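Everything numeric here is computed off the predicted structure, so don't read it as measured data.
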Amino acid sequence: MGKVLMLYASMTGNTELMAEIIAEVVENRGHEVVTKTFDLDSIDVEELLEYDGVLVGTYSWDDGELPYEAEDFYEELDDVDITGKIVGVFGSGDSFYDSYGGASQMMGERFKEKQANLVAERLIVDLEPDKEDVVRCQQFAETFCETIEG
């Protein structure tokens with residue numbers, strides 16, 4: 001099957017939990033998942049070209065901003081042609097803020113600008129995933145897999 005890159009940034013563990021749920025579904029569908037975190041792993045944007053699909057998760061910092069550790073990746077997307085690359089964007093946010101899930105929305109818009117084949121839904125969960133959110137994460141992963149397999 002396919003080879004999938006899972007990239008994420010998580011401060012409180014909420015986005016990490018989402019990444020784990022999504023990765024489990026993707027692996028159960030027979031795809032290989034390589035997981036990297038923005039804060040611990042070096043990520044070269046050219047690396048995106050080596051994968052059949054890319055999943056990017058990020059929490060929203062402050063009033064919907066990208067977290068510091070994801071900023072370089074966001075900027076460096078200018079340096080790579082990912083036209084048609086299958087990408088899914090997810091993350092956690094806090095509905096207390098005016099810009100709920102702003103970082104995930106920004107990342108999704110960036111991939112759209114780069115003409116990636118973006119999974120339609122940008123999955124955003126309010127703080128820690130509850131039981132309904134777990135199901136949403138699983139459905140998001142299934143849609144991502146269907147896109148790769150399609």
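- Taking each heavy atom of Met107 and Ala70 in turn, the nearest pair found is CE-CB, 4.3 Å.
- Residues Phe73 and Phe38 bring their aromatic ring centres within 6.0 Å.
- Atom CD of Glu50 is surrounded by more than 12 heavy atoms from other residues, nucleotides or ligands within 6.0 Å.
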If you look only at distance, which donor and acceptor atoms sit under 3.5 Å apart when one is on a side chain in residues 135-144 and the other is two or more places apart or in another chain?
| unit_1 | atom_1 | unit_2 | atom_2 | d |
| --- | --- | --- | --- | --- |
| Arg136 | NH1 | Ile124 | O | 3.4 |
| Arg136 | NH1 | Asp133 | OD1 | 3.0 |
| Arg136 | NH2 | Ile124 | O | 3.1 |
| Glu142 | OE1 | Arg29 | NH1 | 2.1 |
| Thr143 | OG1 | Gln139 | O | 3.1 |

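- Hydrophobic clustering keeps Val4 apart from Val25 (ILVMFWY residues linked when any side-chain heavy atoms are closer than 4.5 Å, directly or through intermediates).
- For the pair Asn14 (side chain) and Ser92 (backbone), a donor-acceptor distance under 3.5 Å is absent.
- Put simply, Met18 and Leu55 are part of the same group of oily side chains (I, L, V, M, F, W, Y) that touch within less than 4.5 Å, one to the next.
- Side-chain atoms of Lys114 come within 3.5 Å of backbone atoms of Leu77 as a donor-acceptor pair (strictly under, hydrogens ignored).
- Of all heavy-atom pairs spanning Asn117 and Thr147, the tightest one is ND2-CG2, 3.9 Å.
- With rounding to the nearest 0.5 angstrom, the CD atom of Glu65 is 5.5 Å from the CE atom of Met106.
- Between Met11 and Trp61, the closest side-chain pair of non-hydrogen atoms falls below 4.5 Å.
- Transitive grouping of hydrophobic side chains (ILVMFWY, heavy atoms separated by less than 4.5 Å) keeps Met6 and Ile82 in distinct clusters.
- Taking CD1 from Ile21 and CD from Glu16, the interatomic distance works out to 11.0 Å, rounded to the nearest 0.5 Å.
- Closest of all the heavy-atom pairs between Leu7 and Val54 is CD1-CG1, 4.5 Å.
- Across Leu118 and Gly108, no two heavy atoms sit closer than the pair CD2-O, 3.3 Å.
- More than 12 heavy atoms of other residues, nucleotides or ligands shown are found within 6.0 angstrom of CD on Glu113.
- From Glu71, atom CD reaches atom OH of Tyr68 across 7.5 Å, with rounding to the nearest 0.5 Å.
- Between Arg122 and Glu109 there is a salt bridge, with a side-chain nitrogen of the basic residue lying less than 4.0 Å from a carboxylate oxygen of the acidic one.
- Sparse packing is recorded around NZ of Lys112, with 12 or fewer heavy atoms of other residues, nucleotides or ligands lying under 6.0 Å away.
- Residues Ser95 and Asp126 have side chains that bring a donor and an acceptor to within less than 3.5 angstrom of each other.
- For the pair Met1 and Glu149, the minimum side-chain heavy-atom distance is below 4.5 Å.
- Atom CG of Leu127 sits about 11.5 Å away from atom CZ of Phe96, to the nearest 0.5 Å.
- Residues Asp94 and Tyr100 come closest through the heavy atom pair C-CD1, 3.6 Å.
- Although no hydrogens or angles enter the test, the distance criterion places a donor-acceptor pair under 3.5 Å between the side chain of His31 and the main chain of Gly2.
- Taking hydrophobic clusters as Ile, Leu, Val, Met, Phe, Trp and Tyr residues chained together by side-chain heavy-atom distances below 4.5 Å, Leu123 shares a cluster with Val119.
- The minimum heavy-atom distance between Ser60 and Ala103, with the atom names listed, is OG-N, 3.0 Å.
- Atoms OG1 and OH, on Thr15 and Tyr59 in that order, are 8.5 Å from each other to the nearest 0.5 Å.
- Under a hydrophobic clustering in which Ile, Leu, Val, Met, Phe, Trp and Tyr are joined whenever their side-chain heavy atoms come within less than 4.5 Å, directly or via other members, Ile22 and Val134 fall into different clusters.
- Rounding to the nearest 0.5 Å gives a distance of 6.0 Å between OH of Tyr8 and OG1 of Thr37.
- Within the structure, every pair that satisfies the side-chain hydrogen bond (donor to acceptor under 3.5 Å, both in side chains) test and touches residues 73-82, not counting sequence neighbours, is listed here: Asp78-Arg110, Asp81-Thr83.
- At a cut-off of 3.5 Å, with distance as the only test, no side-chain donor of Thr58 or Ser104 sits close to an acceptor on the other residue.
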